[in-house]
Enquirer: 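One structure coming up, written as structure tokens, with questions to follow.
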Amino acid sequence: MASEISAPATPGYNEWTDSSGQTRSHYAAIANAAASLGPAELAQRWGRANRQVGLDAFTFYLDPRRYRPAPTDWVPRVIPADHWEVISAGVAQRLKALNRFLLDLYNGSQDVVPDEVMYTSYYFYPEVQGFRPPGDVFVQIYGIDLVHLGEGRYVVLEDNLRIPSGITYQIKAVDMVSSHVPEFGADYDIVPYDIRQAYHDMFRSLCGTDSPVCVLLTDGRFGSAFFEHRYLSELLSIPLVEGADLYVGYDGRVYARTIEQDIPVDLIYRRVEDLEMFVPNLREAYMDNKVVLVNGLGSGAADDKLVFMWVPQMIQRYLGETAILEQAPSFNLSDPDSRRHVLENLDSLVIKARQGYGGIGVYVMPDLGPGDRTRVTHHILQNPEAFIAQETLDFSNHMVFNDQSGQLEPRYIDLRVFAIQDGNGNVTVFPGGLTRVALAGGRITNNSSGGLCKPTWVVRHPFQ
Amino acid sequence: MDPRTIALGSDRWLTDSRVYNLVWLGRWIERAQNVARVLLWAVREHSDGDEGEQRMEEVLGLATAIRGMTVGPGASNLTALLTLDTGASLRGCLVAARYNATQVAPVEVIQTIGAALEPLDGDLPTSTQEVEAMVSGIMDTLDSLHSTIEDAWFHSSVLSEEEVYRRFVQQQ
């Protein structure tokens, strides 16, 4: 193991060092702490933290048959407060516009996205037409994936509007680093937040009562993000239930079966997509306003990666504003000219399935071999409306500590930021987010594709 | 306003899935303790000398047969009872128990089961003395589970606001 820690130079924007190789001012305190501790001590801390991850069942399963502690790197990512101000304003703006769009979509008057795009979206639910959810909010919990191109330029890669996961991975990673390597944060003024209170306020505003009965509906302990379901249930003090624990009664209300009595439920924080499979007739109960769903049914229509192309126009149309955050330049493969352009420039693009999630159906063409490129080309030619193309962005790297070699190694990172919108239209964006780290040599950061988590702080100036 | 009112006692609800997982958590832990007891008895009573080791294998062979385990030719009954990838081995019982615990139990219970599993996830000991020490340690950990459950579960009320703040908010 090396006796000193150094940060290697990288192509693209390096979060840790500037172009001359100097540590950026907002990382100086972490770099100093790492140097003081030394590689051997850091490796020991990493070992203790990783053991704790396993013991706490802080897991992310790729295969439900294999217990898998969530792989995490404990070197924090630091976002300066001035960067965060822009991100936060941009995320709030985007969430408000998306909710206005969904309300228009299901109430028959949206004219932003072409019908042929909207009606071919897998998550467009015609049965929701004419339905107005509480507070006119379809998407209460929002996750947005961003990449940093450098110097505060954050670009949106995609929106997650159905059941975005990761918020507890954000909390747990920050919690763990403050417990196991407190030296990293000693000299920073980290912006705090209170998810519990914000969620409770949101639940109350949606139900219109101070004491709503809320449950968290899980797909069970073998689900990939089950840790999040369990942790949120404890954090929010709401019961964790499976589909079989709920039923829709003759009065149309949803009840939870318990040994003592059947309890009417006001709100279901659902972490499953196919509601009918888990709770028969739940859709009718929702449409009859007998129960609140978080997130609302049909919200995935705006989660479609092709609909994503029209979000700047939604912001303009519904809020009368220009989008604060840029988004990755994208191409609609249903359009013949765009398709031709994409096929001619395939080597420099990312191809995404419209309904994909968790890195599934994402092809970073520059990183693929010839056989895979041919296969993707065939898919596009056979079914162009099922895909979109995006420019491959040269986004930022961050350092990951390798506890075997005792050295820092660069990896691509992104940032998933979480926000909520309550029944009164108020938006709260939680400072920081979950930084996801790609595997060595790759650019796909999704946890479902094997990516790591990284604690993330928003810190106020001045940096010590 | 007290945020706890939002869920009417929350984790005290005994739903179908909660009861299911509680029952199976108890069953898997009990099975794990039974396997550990058989292993301890075998290595303590039947492992003196070459003849003793042969007797131990015979005893453990019976134990695997009773549990319906298929041990391949040349494979050790001892290793099978420790780690074979079925619900009949010590490790298999504890893995299943941990899954049930994640659905219903406080994190302290999950941590205790995880600690019992740790020695079985590494390189297994080769001598009977080391096996005895390892299994004894696992038994001690499982015995401590009872007090963990007592302390973390039955004697605790719904998390106080102070505890919630300490666990979730303060460290952010």
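So you know, we letter chains A, B, ... as the sequences are listed, proteins then strands, and number each from 1. Predicted model only: the values in this text are computed from it and were never measured.
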Enquirer: May I ask you to check whether over 12 heavy atoms, not counting those of Gln54(B), lie within 6.0 Å of atom CD?
Expert: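 Count not over threshold, so no.
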
Enquirer: Pick one of side chain, backbone, both or neither for Arg257(A), based on which atoms fall under 4.5 Å of a heavy atom in chain B.
Expert: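 Both parts, backbone and side chain.
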
Enquirer: Relative to chain B, which segment of Pro69(A) carries a heavy atom at a distance below 4.5 Å: side chain, backbone, both, or neither?
Expert: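 Contact with chain B involves no heavy atom of Pro69(A) at all.
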
Enquirer: Below 4.5 Å from any heavy atom of chain B, which atoms of Tyr61(A) appear? Answer side chain, backbone, both or neither.
Expert: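 Just its side chain gets close to chain B.
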
Enquirer: Taking Asp245(A) for the side chain and Asp16(B) for the main chain, is one N or O donor matched with an acceptor at less than 3.5 Å?
Expert: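 At least one qualifying donor-acceptor pair exists.
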
Enquirer: Quick check: are there more than 12 heavy atoms from other residues, nucleotides or ligands sitting under 6.0 Å from CG of Asp85(B)?
Expert: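 For Asp85(B), atom CG is not crowded (no more than 12 foreign heavy atoms under 6.0 Å).
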
Enquirer: Is it the side chain or the backbone of Gln52(A) that comes within 4.5 Å of chain B heavy atoms, both, or neither?
Expert: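 For Gln52(A), side-chain heavy atoms alone lie under 4.5 Å from chain B.
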
Enquirer: Could you go through the side-chain contact (heavy atoms from CB on, under 4.5 Å) check for Val104(B) and Arg230(A) one step at a time?
Expert: CA-CA 8 Å; Val104(B) 290; Arg230(A) 171 169 74 82; over 6 Å; no

Enquirer: Which atoms of Val215(A) come close to chain B, meaning under 4.5 Å heavy atom to heavy atom: side chain ones, backbone ones, both, or neither?
Expert: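 The side chain, not the backbone.
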
Enquirer: Are there over 12 heavy-atom neighbours, none belonging to Glu30(B), within less than 6.0 Å of that residue's CD?
Expert: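 Check fails, neighbour count at 12 or below.
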
Enquirer: If you count heavy-atom pairs under 4.5 Å with chain A, which of Val19(B), Leu117(B), Asn21(B) comes out on top?
Expert: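 Counting heavy-atom pairs under 4.5 Å, the top option is Asn21(B).
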
Enquirer: Taking C-beta and beyond as the side chain, do Phe226(A) and Gln103(B) meet within less than 4.5 Å on heavy atoms?
Expert: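 Counting from C-beta outward, Phe226(A) and Gln103(B) do come under 4.5 Å.
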
Enquirer: Just to verify, which of Thr258(A), Ile263(A), Leu240(A), Ile259(A) counts as forming a side chain to side chain contact (heavy atoms under 4.5 Å, CB included) with Thr15(B)?
Expert: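 The side chain to side chain contact (heavy atoms under 4.5 Å, CB included) with Thr15(B) is passed solely by Thr258(A) among Thr258(A), Ile263(A), Leu240(A), Ile259(A).
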
Enquirer: Rounded to the nearest 0.5 Å, what's the gap from OH on Tyr99(B) to CZ on Phe222(A)? Could you check?
Expert: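 The distance works out to 5.5 Å.
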
Enquirer: Give, for atom CG of Leu55(A) and atom CZ of Arg98(B), the distance between the pair rounded to the nearest 0.5 Å.
Expert: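 So the gap between those two atoms works out to 8.5 Å.
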
Enquirer: To the nearest 0.5 Å, tell me how far Thr102(B) OG1 sits from Tyr231(A) OH.
Expert: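 Atom-to-atom, Thr102(B):OG1 and Tyr231(A):OH are 15.5 Å apart.
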
Enquirer: Given heavy-atom pairs under 4.5 angstrom as the criterion, report whether the side chain, backbone, both or neither of Phe227(A) touches chain B.
Expert: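 For Phe227(A), neither part sits under 4.5 Å from chain B.
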
Enquirer: CZ of Arg18(B) to CD of Glu242(A): how many Å apart, nearest 0.5 Å?
Expert: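 It comes to 12.0 Å.
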
